[in-house]
Amino acid sequence: MVDYRCDRCTHAWTRPVEADLDVYDVVRVDLPNATLYGTVWQVDGDRVQVRGAGGEWLRWVERWRVIVY
């Protein structure tokens, strides 16, 4: 589970970490400074390689940051 907390309104919520990611799943990646959308390219334990539309970028991210879209 991933915990989220809003500092301004004190609201808190959780969501499960995606356990069944597959190559070619379309995902959203929540980063501290951006939200990216792309396709799963590789899954390696606790990290996932995500590719942007048209090969614009390729980035490894922690699995807990990935949400199937």
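Only a predicted model underlies this, so the values are computations on that prediction, with no experimental measurement involved.
In this structure, OG1 in Thr39 is found 10.5 Å from CG in Leu58, a value given to the nearest 0.5 Å.
Taking the side-chain contact (heavy atoms from CB on, under 4.5 Å) definition, one finds that Asp44 meets it with Arg47, Trp60, sequence neighbours left out.
Residue pairs meeting the salt bridge (Lys or Arg N to Asp or Glu O under 4.0 Å) criterion with at least one partner in residues 50-63, sequence neighbours excluded, are Glu62-Arg65.
Counting side-chain heavy-atom gaps under 4.5 Å among Ile, Leu, Val, Met, Phe, Trp and Tyr, the cluster of Val43 also holds Leu21, Val27, Val29, Leu31, Leu36, Val40, Val48, Val50, Trp57, Val61, Val66, Val68. Cluster partners of Tyr37 are Val26, Tyr69, counting Ile, Leu, Val, Met, Phe, Trp and Tyr whose side-chain heavy atoms approach within less than 4.5 Å, directly or via other members.
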